[in-house]
Amino acid sequence: MGVLDRIWTGRHSRGPDGVLTPVDRPAALSDVEDPEAWWEIPSQGALARKVRRYYPLLRPVVDEEGGLVEVVLCPDDDQEATERARKAKAAKSQEATRRGYRYTGKVRPLGLMPFLSCTPPCNKPGAAKK
């Protein structure tokens, strides 16, 4: 199962600014080498949006004729990676709370500007002249 929305025609067009841009068109089932391995669904439907959003973590559900009627989101098999991501998110949230940030996404990494974290002796005039 793959996602194919538009296909390149093999031609280019020159825009008003002189730049060549590829010419594409909506993909059709006749464009693929093995049409038995593909389904054609309306590109603006709810099923197409779901396929584009969750592909490739999908399992197809077909009817008696072999047509695609639904896709089911497959669970991620890598539980260890999921656990690591959860722990990293929790650690970032704790660091944000410790440093006084309201939102986790606003936390800046430490050590980006080491000159701001200097102790007072390194900021004394003449301290660098040795």
Side-chain angles (χ1 to χ4, degrees):
M1 184 169 85
V3 177
L4 183 64
D5 194 23
R6 299 191 65 82
I7 192 167
W8 181 47
T9 61
R11 297 180 299 152
H12 290 86
S13 68
R14 191 172 301 274
D17 55 356
V19 176
L20 286 176
T21 57
V23 177
D24 60 355
R25 63 176 172 77
L29 196 57
S30 60
D31 296 324
V32 296
E33 294 176 10
D34 184 16
E36 296 295 322
W38 292 76
W39 292 282
E40 190 170 17
I41 57 174
S43 64
Q44 297 301 320
L47 183 58
R49 285 193 301 272
K50 190 173 182 181
V51 168
R52 279 194 294 271
R53 184 175 200 175
Y54 297 111
Y55 181 81
L57 301 173
L58 300 172
R59 189 179 73 232
V61 177
V62 295
D63 58 5
E64 295 83 25
E65 291 86 31
L68 183 67
V69 293
E70 183 62 39
V71 290
V72 178
L73 186 62
C74 296
D76 192 6
D77 293 335
D78 193 4
Q79 295 294 332
E80 186 176 312
T82 306
E83 184 65 23
R84 279 196 311 265
R86 187 190 63 75
K87 286 182 181 178
K89 186 175 180 179
K92 190 173 182 182
S93 177
Q94 289 172 355
E95 178 68 11
T97 304
R98 185 185 70 77
R99 290 171 56 188
Y101 287 93
R102 289 186 188 174
Y103 304 106
T104 305
K106 301 285 184 181
V107 177
R108 293 189 180 116
L110 294 173
L112 284 180
M113 295 182 273
F115 56 87
L116 294 178
S117 62
C118 287
T119 57
C122 71
N123 289 332
K124 286 183 182 177
K129 298 178 185 176
K130 286 191 177 184

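As the structure is a computational prediction, the values presented were derived from the model and not from experiment.
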Notebook entry, point to check: Looking at residues at least two apart in the chain, or sitting in another chain, which of them share a side-chain contact (heavy atoms from CB on, under 4.5 Å) with Val62?
Noted result: Trp39

Checklist line | Ser13 side-chain N/O to Val23 backbone N/O, donor-acceptor pair under 3.5 Å | finding: no

Next item on the list: Search all heavy atoms of Val71 against all heavy atoms of Pro60 and return the closest pair with its distance.
Entry: CG1-CA, 4.3 Å

Notebook entry, point to check: Which pair of heavy atoms, one from Pro42 and one from Ala48, lies closest together, and at what distance?
Noted result: O-CB, 3.1 Å

Check: How about Arg53: does its CZ atom have over 12 heavy atoms from other parts shown lying under 6.0 Å from it?
Finding: no

Check: If you measure from the Lys or Arg side-chain nitrogens to the Asp or Glu carboxylate oxygens, is any gap between Lys92 and Glu95 under 4.0 Å?
Finding: no

Notebook entry, point to check: Listed by chain and number, what are the side-chain contact (heavy atoms from CB on, under 4.5 Å) partners of Asp63, not counting sequence neighbours?
Noted result: Glu65, Val69

Notebook entry, point to check: So, for Leu47 and Glu70, which heavy atoms are closest and what is the spacing to 0.1 Å?
Noted result: CD1-CA, 3.9 Å

Next item on the list: Could I get the full list of side-chain contact (heavy atoms from CB on, under 4.5 Å) partners for Gln94, not counting sequence neighbours?
Entry: none

Margin query: Show every ring pair (Phe, Tyr, Trp, His ring centres under 6.0 Å) that has at least one partner inside residues 12-35, sequence neighbours left out.
Written below: Trp8-His12

Next item on the list: Go through the structure and list residues passing salt bridge (Lys or Arg N to Asp or Glu O under 4.0 Å) with Arg11, not counting sequence neighbours.
Entry: none

Note to self: List the residues meeting salt bridge (Lys or Arg N to Asp or Glu O under 4.0 Å) with Arg86, not counting sequence neighbours, and say none if there are none.
What the structure shows: Glu83

